[in-house]
There are 2 protein chains.
Amino acid sequence: MSKFWSPAINQLTPYVPGEQPKVDNLIKLNTNENPYPPSPQVEEAIRNYPIERLRLYCDPDATALKQSLANHFQLEYNNVFVGNGSDEVLALAFMAFFRQDLPLLLPETTYSFYDVYCHLYDIDYRQIPLNDKFEIDFADYNQPNGGIIFANPNAPTGRLTTLEQIETLLQSNRDSLVIVDEAYIDFGGHSAVELTRTYDNVLVIQTFSKSRSLAGLRIGFALGHEDLIAGLERVKNSFNSYPLDSIAIIGAVAALEDNDYFEETTQKIIDCREWTTTQLEQLGFDVVPSKTNFVFTRHSSLSGAELMSYLRSNNLLVRHFGKPGIENHLRITIGTPEEMNTLIETLKLHPKI
Amino acid sequence: MSKFWSPAINQLTPYVPGEQPKVDNLIKLNTNENPYPPSPQVEEAIRNYPIERLRLYCDPDATALKQSLANHFQLEYNNVFVGNGSDEVLALAFMAFFRQDLPLLLPETTYSFYDVYCHLYDIDYRQIPLNDKFEIDFADYNQPNGGIIFANPNAPTGRLTTLEQIETLLQSNRDSLVIVDEAYIDFGGHSAVELTRTYDNVLVIQTFSKSRSLAGLRIGFALGHEDLIAGLERVKNSFNSYPLDSIAIIGAVAALEDNDYFEETTQKIIDCREWTTTQLEQLGFDVVPSKTNFVFTRHSSLSGAELMSYLRSNNLLVRHFGKPGIENHLRITIGTPEEMNTLIETLKLHPKI
């Protein structure tokens, strides 16, 4: 704390991302990274990039990437917004759309950056509990609101909401914006992007960090009605003109172009998730049905903290949130088949499992 | 405009960066980029970066870069903050420090993103005219304030404020924060970084976009008392955990390590600026004394708009702001000696010069 801080800064509780360990011998299943490298086309694009051009500013509009995304999703150029990871896209979207008189509605258990943004912008919000199957029940969202946000599939639960449920939600909230954060949609869900063609009150946000194996390059994007995109551009251009550097732009374009690689690696992760789920269940774990690249799971004989600590002592890093209601759950990223086999074999060695 | 926008968004007037033309045959003297490529060590670092690691998140704290900067400036690690270009560092700093009851003071003619941030965060501000030599006169800043910001050297004038003047300003503003934006300091100025060791009310912001030839990689940083850095970290970690990607981090570290290259290229630009100034004066131009990589100049026989348009038609791109008081000035980036020779020869061909 300092007398020079803006008074509002004292109330912030910053987001704490999952650990990025500085040692190499850990099996890292804690931040939902893709176990496979980016497409070889990304490597080729970066290797061929003329480094001398870095003396020049990047394209502030990332035109090449927006156009690639528009083509990929069969949208128009002005339906696409890009940012420095989906976190930045979310941060700008909260500023652009959710500073309203009525409260923002969001699940009580979801991506924990959402309420950090609410504090940052002094947005009133209501957290609505999941049902006892960890599902979002939109019947509970039938109340006056200044916007709605949720992740689909949700995190850290892995649960998918159907497009039909989302469409019903859009129909009953014609005057407020619904943001669907689809960070994990490529691992078995069906994107709400098709609803952006019909509804002006839905914004879909995705990322290159998970299914495109580019967490280290920071690329996120939003898709929606051109008036929503125009609002995001206004805020972005009042904050930072060039959030995506030249190498991020060409890397993302290359990743998007290699659809075969994308489908092959996401399928491998889906298959491995199903194998891991079966194995965990055979060891007495409860596993929430997941459509993501992670599983949310607990074991009746062990607390979440005990499990995490046991795995860490065996060089397996997983995520434990320790919040009321989910304090005994772990979120475990799906790695390679070899990594998940090591996880299962390590769990089998625990005396209480 | 859209009913889904936060009401405050309607009042924004986004910053418009200088044009990044999509054709290659222009001599680009409009956005103060460095005419020399980044250090060969940057190229080597990026060529050797293991692209498969991009599947992992980057280090959210950019530890390697902060430590390099701390070493370079002989500061402690916790005196250093890094961000996605100095624009993002500035945006976060305005949020962290300048949302105060009293107005922010800034020069009327300076980097035009500052008042954009004021609108973004609803910060009250007062713009104080430069004197008739385009100098900042700090006597005019002797009034109650919630902070002071200026660029040193100032842009688009190129004028340098001395360290003695800044120290006097710090002494008479013990209770408010002074931000010195040193984007151009390496082209002949003396950094206020040494004042950060003695004064807790000064924050120095610099960039890799100008003197380090890395505009396309987006790296900026702030140096100051650890309490100021802690305030910036709180805001940054409430906005976006990972604004610098893995390649930007290693590229910046490599650039900082090659001090010989840095000194050689900045000296070439300084020499070329002095040559260009002399040549322009011989053609009847008024040139404001510059300590930057650009000159701010006008000609008595031609309007700024006419001059810009004439140069553009000869494939020379310069910046014209067209604001009252500077409507006849052009800001011309210092390029290579060959480029500046082309500029001078082109100007000589104008019938009114």
Side-chain angles (χ1 to χ4, degrees), chain A residues 2-6 8-9 12 14-15 17 20 31 33-34 36-38 42-43 46 51-60 84-85 87-88 91 95-100 116 119-120 175 177 201 213-218 227-228 231 234-235 237-243 245-248, chain B residues 2-6 8-9 12 14-15 17 20 31 33-34 36-38 42-43 46 51-60 84-85 87-88 91 95-100 116 119-120 175 177 201 213-218 227-228 231 234-235 237-243 245-248:
Chain A
S2 151
K3 67 178 172 183
F4 301 113
W5 291 8
S6 304
I9 300 309
L12 298 182
Y15 178 75
Q20 294 297 326
T31 51
E33 287 142 335
N34 198 307
Y36 302 107
V42 173
E43 170 133 23
I46 296 178
I51 299 299
E52 71 271 14
R53 282 192 69 84
L54 290 178
R55 74 176 184 84
L56 300 171
Y57 280 95
C58 29
D59 173 7
N84 185 279
D87 283 347
E88 191 191 57
M95 192 180 236
F97 305 120
F98 289 156
R99 290 183 299 166
Q100 306 285 354
V116 173
H119 291 284
L120 183 65
D175 289 325
L177 180 67
N201 61 332
S213 302
L214 285 176
L217 214 47
R218 318 305 312 124
D227 290 347
L228 300 176
R234 280 178 82 89
V235 176
N237 288 319
S238 298
F239 182 82
N240 185 10
S241 307
Y242 311 88
D245 66 51
S246 296
I247 291 183
Chain B
S2 153
K3 67 178 173 184
F4 302 113
W5 291 7
S6 304
I9 298 310
L12 297 183
Y15 178 75
Q20 294 296 326
T31 53
E33 288 143 335
N34 198 307
Y36 302 107
V42 173
E43 170 133 23
I46 295 177
I51 300 298
E52 71 270 14
R53 284 192 66 86
L54 290 178
R55 73 175 185 85
L56 299 171
Y57 281 96
C58 29
D59 173 8
N84 186 279
D87 283 348
E88 190 191 58
M95 192 180 236
F97 306 120
F98 289 155
R99 290 184 298 166
Q100 305 287 353
V116 173
H119 291 284
L120 183 65
D175 290 324
L177 179 67
N201 61 331
S213 301
L214 284 175
L217 213 47
R218 319 305 310 125
D227 289 348
L228 300 176
R234 281 179 83 89
V235 175
N237 288 318
S238 297
F239 181 82
N240 185 10
S241 307
Y242 311 89
D245 67 50
S246 296
I247 290 183

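Lettering of chains follows the sequences in order, A, B, ..., and the numbering in each one begins at 1.
- With hydrogens and angles disregarded, a donor-acceptor distance shorter than 3.5 Å links the side chain of A:Arg234 to the backbone of B:Leu12.
- Closest non-hydrogen pair, A:Pro14 versus B:Ser238, comes out as CA-OG, 3.6 Å.
- For the options B:Gly85, B:Ser2, B:Pro37, B:Ser213, heavy-atom pairs under 4.5 Å to chain A are most numerous at B:Ser213.
- If you take OH on B:Tyr57 and CG on A:Leu217, they are separated by 12.5 Å, rounding to the nearest 0.5 Å.
- Chain B forms more heavy-atom pairs under 4.5 Å with one residue of A:Ala96, A:Ser246, A:Pro17 than with any other, namely A:Ala96.
- With B:Arg55 contributing its side chain and A:Tyr36 its backbone, the two residues share no donor-acceptor pair below 3.5 Å.
- Comparing A:Arg53, A:Glu43, A:His119 by how many heavy-atom pairs each has under 4.5 Å with chain B, the most go to A:Glu43.
- Here the CD atom belonging to A:Gln20 is positioned 6.5 Å from the CG atom belonging to B:Leu56, to the nearest 0.5 angstrom.
- In terms of heavy-atom pairs under 4.5 Å with chain A, the best-connected choice from B:Ala215, B:Ala8, B:Gly231 is B:Ala215.
- Not a single donor-acceptor pair under 3.5 Å links the side chain of B:Ser6 to the backbone N or O of A:Gln100.
- In this structure, CZ on A:Phe4 lies 6.5 Å from CG on B:Asp175, to the nearest 0.5 angstrom.
- Partners of B:Asn84 by side-chain hydrogen bond (donor to acceptor under 3.5 Å, both in side chains), not counting sequence neighbours, listed by chain and number: A:Asn240.
- For B:Phe98, the part sitting under 4.5 Å from any heavy atom of chain A is the backbone (N, CA, C, O) and nothing else.
- With chain A as the partner, the residue from B:Gly216, B:Pro243, B:Ala91 showing the most heavy-atom pairs under 4.5 Å is B:Gly216.
- Of the residues considered (B:Leu54, B:Asp87, B:Val42), B:Leu54 shows the highest number of contacts with chain A, using heavy-atom pairs under 4.5 Å.
- Rounding to the nearest 0.5 Å places CE of B:Met95 at 6.5 Å from CD1 of A:Ile9.
- Closest approach of B:Glu88 and A:Phe239 over heavy atoms only: CG-CE2, 3.8 Å.
- Nearest heavy atoms, B:Ala248 versus A:Asp245: CB-OD2, 4.2 Å.
- Scanning all heavy atoms of the two residues, the minimum distance from A:Arg99 to B:Leu120 falls at NH1-O, 4.3 Å.
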